[in-house]
Chemist: 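Provided herewith is a single structure, encoded as structure tokens, for subsequent inquiry.
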Amino acid sequence: MHKEIESGGWTAERNAAEVVSSGLEDVYIEWTRLTHVDGDRGELTYSGYAVEDILGKGALAEEVMYLFLHGELPSAGELRRFRGYIEEGYEIPDQVVATIGLAPRSASVVALQMQGMSALSAFSPGGQRYDDPDSAARLIGQMVAITSVSLRHVMGKKSRLPLPSDSVSRSFLGAVFDVEPEEKKVDALNAALILYMDHEVPASTTAGLVAVSTLADLYSGVVAALAALKGPMHGGAVEEVIKQFRDIGDPSRVDEWFAENVLNKKKKLMGFGHRVYKTYDPRAKAFKALASSLDLSGGSAALFDVAKALEEVGIYALGQKGIYPNADYYSGLVYMGIGFPPSNDAYTGLFAMSRVTGWIAHFLEYVEEQHRLIRPRAVYVGPDRREFPPLFERRRVVAELPQLRSRMPSSQAGILEVKGGGWGRLRI
Ligand code: ACO
């Protein structure tokens, strides 16, 4: 439905509200072979493989990274070579490390990742190619290194780059912490890397796709995606969920807290709800099982008890509206159980380190196979065409001048110049 508006020879078309899809809900922006999300059944598949099956078969995160960048799973030899490219990426330039070191210790890890990726963009004029999975693998390695340097920076430790090992998870944990990582923590991080690796086109991937659709370099696409991930409605929710559990403090306070905050104050329950899933997010189930496998103790065990009690109340109250736990509900507890600090957006940064593979895989797929500039429209609803009035003729200025005059010392009153019968131009 279109409405024609005539004004001073200028014609505008104002479309009916149904033309605008609020929040781009149910708008499809690309074809993909990477990830399929069935929001009604709560199913997630990567190139046809169910995420639970991938985890159950004990796959390494690098195998799934390869799947995303090459379209099929690797043989043992292909995996070895692929890991070699990732490991080349660990050696980020000293200047990039130094850039991160300039930030305050209170900085957000995600902001530091953006800083690091921007610096890499600056150090690689021309950027990376869209048709080269090997250099995409190097970029993943660079993200692992940047995340390790960023985490160590906010933890007050001297920077240290990951070293080659038998898995990305082991290399990363070895770089962040100064001790040999426990096996179950290596496994938990490996599973977390897989669970967060791709998820079709959420806000972050879409933001990155918009950037690379202009043929900006891959690093710039990652920076755009990181910026969109940072907010509490997307990846930033991981942090908010932990704050929420801490705020509640004890399972006995869950009912009271929920009634006060979610029912009365209409605050969103963080870690619940999803644009696509209208049932339990399969990643939330997997993260919950991972948190159990880590045998949390002390403060994190208490938060896990709060989480489980709050989940029951949340599903009871919101489940009928299709609002269930999402991936971010239990993932922070897994990161906490591995030993990462619950501050400085560290958990959102870890999420980003997983998702960088999905971002890049979408960028390559889009630019190589279906490239077109992403440039949507906005329906204009502002004033009709009108004549531009010079500053001294504007009513608003006229209204403000006497007030300004009264606030000015009398010695400066001449600064207000009267012109053309109206109040004049302000020359200060
Ligand atoms: N708690 C309470 N009510 C909720 C929640 C929630 N977590 N999520 C949605 N709702 C309600 C809304 O209030 C709204 O109710 P109304 O129709 O009565 O007004 C209705 O459900 C629809 O909500 P929208 O915000 O329009 O849903 P949308 O699809 O735009 O938002 C989102 C999805 C942003 C994830 C939302 O559920 C939310 O803010 N959740 C909390 C933040 C969060 O956990 N984000 C992580 C997402 S997963 C990820 O990024 C990996």
Side-chain angles (χ1 to χ4, degrees), residues 17 20-28 34-35 37-40 42-44 46 51 110 191-208 225-245 247-248 254-255 257-288 290 307 310-335 345 347-359 362:
V20 176
S21 173
S22 164
L24 294 184
E25 183 163 2
D26 289 332
V27 171
Y28 290 76
L34 304 170
T35 293
V37 181
D38 185 327
D40 297 323
E43 289 174 3
L44 171 64
Y46 293 158
V51 75
V110 183
L193 280 170
I194 292 172
L195 283 168
Y196 268 141
M197 202 170 287
D198 188 43
H199 209 241
E200 205 217 57
V201 283
S204 54
T205 312
T206 302
L226 280 165
L229 186 80
K230 195 167 183 274
M233 295 183 94
H234 190 8
V238 195
E239 312 287 328
E240 298 303 316
V241 168
I242 295 291
K243 283 185 204 151
Q244 176 178 269
F245 296 159
D247 189 28
I248 298 170
V254 161
D255 290 356
W257 182 93
F258 190 87
E260 158 104 15
N261 290 280
V262 183
L263 300 180
N264 293 345
K265 293 189 184 158
K266 302 283 172 220
K267 282 194 187 164
K268 284 203 169 151
L269 182 58
M270 299 310 285
F272 263 61
H274 197 275
R275 177 62 65 77
V276 184
Y277 291 118
K278 297 304 162 203
T279 183
Y280 215 110
D281 180 335
R283 301 168 301 171
K285 277 188 199 150
F287 272 122
K288 186 178 181 182
L290 271 181
L310 181 62
E311 179 195 337
E312 267 184 42
V313 176
I315 293 178
Y316 179 76
L318 303 171
Q320 72 243 2
K321 284 177 82 179
I323 300 168
Y324 283 86
N326 60 48
D328 297 348
Y329 192 75
Y330 284 109
S331 60
L333 288 169
V334 171
Y335 292 140
D345 293 342
Y347 298 170
T348 307
L350 291 162
F351 177 168
M353 185 174 83
S354 305
R355 186 55 61 84
V356 75
T357 300
W359 290 335
H362 279 275

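Because the structure is a prediction, the values reported are computed rather than measured. Values reported hereafter were calculated over all heavy atoms of this structure, with side chains retained and with hydrogens, waters and symmetry mates removed. Position 1 is the first residue of the sequence, and the numbers go up from there. All ligand and atom numbering here is 1-based and tracks the order in the structure.
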Chemist: With a cut-off of 4.0 Å, which atoms of ligand 1 are near a heavy atom of His234?
Modeler: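 Going through ligand 1 atom by atom, the ones under 4.0 Å from His234 are 46 (C), 49 (C), 50 (O).
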
Chemist: Check Gly314 against Phe258 and note the closest heavy-atom contact, atom names and distance.
Modeler: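 Gly314 and Phe258 have their closest heavy atoms at CA-CE1, 3.9 Å.
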
Chemist: Do any N/O atoms on Tyr196 end up under 3.5 angstrom from N/O atoms on ligand 1?
Modeler: no

Chemist: Counting N and O atoms only, with roles assigned by atom type, does the side chain of Gln244 sit under 3.5 Å from a partner on the main chain of Met270, one being a donor and the other an acceptor?
Modeler: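 Here the side-chain-to-backbone pair exists.
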
Chemist: Does an N or O from Leu318, backbone or side chain, lie closer than 3.5 Å to an N or O of ligand 1?
Modeler: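 For ligand 1, there is no N or O atom that lies under 3.5 Å from one belonging to Leu318.
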
Chemist: Counting only non-hydrogen atoms of the protein, does one fall under 4.0 Å from atom 15 (O) of ligand 1?
Modeler: yes

Chemist: Specify whether the nearest protein heavy atom to atom 22 (C) of ligand 1 is under 4.0 angstrom away.
Modeler: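 Under 4.0 Å from atom 22 (C) of ligand 1, zero protein heavy atoms found.
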
Chemist: Is atom 7 (N) of ligand 1 near the protein, in the sense that some protein heavy atom lies at less than 4.0 Å from it?
Modeler: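 True for atom 7 (N) of ligand 1.
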
Chemist: Within ligand 1, which atoms have a heavy atom of Gly271 less than 4.0 Å away?
Modeler: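 Answer for ligand 1: 43 (C), 44 (O).
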
Chemist: Any idea how His234 and Phe351 line up, ring-wise: parallel (<30°), tilted (30 to 60°), or perpendicular (>60°)?
Modeler: perpendicular

Chemist: Closest by any non-hydrogen atom to atom 30 (O) of ligand 1: pick that one out of Arg355, Lys266, Lys321, Arg275.
Modeler: Arg275

Chemist: Give me the atom names and distance for the closest heavy-atom approach of Tyr324 to Gly319.
Modeler: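 Tyr324 and Gly319 have their closest heavy atoms at CE1-O, 3.5 Å.
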
Chemist: State, to 0.1 Å, how close Leu333 and Ile242 come at their nearest heavy-atom pair, and which atoms those are.
Modeler: N-CD1, 3.9 Å

Chemist: Would you say Val262 has any N or O atom under 3.5 Å from an N or O of ligand 1, going by distance alone?
Modeler: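 No, Val262 has no N/O under 3.5 Å of an N/O on ligand 1.
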
Chemist: Are the aromatic ring centres of Tyr277 and His199 under 6.0 angstrom apart?
Modeler: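 Yes, ring centres under 6.0 Å apart.
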
Chemist: When you compare ligand 1 with Ala237, is there at least one nitrogen or oxygen pair between them that comes in under 3.5 angstrom?
Modeler: no

Chemist: To the nearest 0.5 angstrom, please state how far the NZ atom of Lys268 sits from the CD1 atom of Ile323.
Modeler: 8.0 Å

Chemist: So, for Lys230 and Thr348, which heavy atoms are closest and what is the spacing to 0.1 Å?
Modeler: CA-CG2, 4.4 Å

Chemist: Residue-level breakdown please: for His274 versus ligand 1, do any non-hydrogen atoms fall below 4.0 Å on the side chain, on the backbone, on both, or on neither?
Modeler: both

Chemist: Nearest protein heavy atom to atom 42 (C) of ligand 1, by residue and atom, and its distance?
Modeler: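 Result for atom 42 (C) of ligand 1: Met270 CE, 3.5 Å.
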
Chemist: Counting only N and O atoms by type, is there a donor-acceptor contact under 3.5 Å from the side chain of Tyr329 to the main-chain atoms of Glu311?
Modeler: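 Indeed, once roles are kept as given, a pair shorter than 3.5 Å links the two residues.
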
Chemist: For ligand 1, is there an N or O atom under 3.5 Å from any N or O atom of Lys268?
Modeler: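 N/O-N/O distance below 3.5 Å exists for this pair.
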
Chemist: Would you mind running through ligand 1 and noting each atom that sits below 4.0 Å from a heavy atom of Ile323?
Modeler: 3 (N), 4 (C), 9 (C), 10 (N), 11 (C), 21 (O)

Chemist: Between Asp281 and Pro325, is there a donor-acceptor pair closer than 3.5 Å when you use the side chain of the first and the backbone of the second?
Modeler: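 Side chain of Asp281 to backbone of Pro325, a donor-acceptor pair under 3.5 Å: no, none is there.
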
Chemist: What residue and heavy atom of the protein are closest to atom 1 (N) of ligand 1, and at what distance?
Modeler: Leu269 N, 2.9 Å

Chemist: Ignoring hydrogens and geometry, is there a side-chain-to-backbone donor-acceptor pair from Lys267 to Leu263 under 3.5 Å?
Modeler: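 Side chain of Lys267 to backbone of Leu263: no pair is present.
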
Chemist: Would you say the side-chain atoms of Glu25 pair up with the backbone N or O of Arg275, donor to acceptor, closer than 3.5 Å?
Modeler: no

Chemist: Of the choices Asn326, Val241, Thr348, Leu229, which has the non-hydrogen atom that lies closest to atom 48 (S) of ligand 1?
Modeler: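 Result: the heavy atom closest to atom 48 (S) of ligand 1 is in Asn326.
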
Chemist: Considering only the protein, which heavy-atom contact is closest to atom 45 (N) of ligand 1, and what is its distance?
Modeler: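 Atom 45 (N) of ligand 1 sits closest to the protein heavy atom Met233 O, 2.9 Å.
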
Chemist: Starting from atom 49 (C) of ligand 1, what is the nearest protein heavy atom, named by residue and atom, and what distance separates them?
Modeler: Asp328 OD2, 3.5 Å

Chemist: Considering non-hydrogen atoms only, spot the tightest contact between Tyr196 and Ser354 and give its length.
Modeler: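 Of all heavy-atom pairs spanning Tyr196 and Ser354, the closest is CB-CB, 3.4 Å.
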
Chemist: So if I count the atoms of ligand 1 from 1 in the order they appear, which ones are less than 4.0 Å from some heavy atom of Phe272?
Modeler: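 Listed by number with element: 6 (C), 7 (N), 37 (O), 40 (N), 41 (C), 44 (O).
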
Chemist: Answer yes if a protein heavy atom lies under 4.0 Å from atom 25 (O) of ligand 1, otherwise answer no.
Modeler: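 So atom 25 (O) of ligand 1 has protein heavy-atom neighbours under 4.0 Å.
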
Chemist: Tell me: protein heavy atom nearest atom 35 (C) of ligand 1, and distance?
Modeler: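 Protein heavy atom with the smallest distance to atom 35 (C) of ligand 1: Gly273 O, 3.6 Å.
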
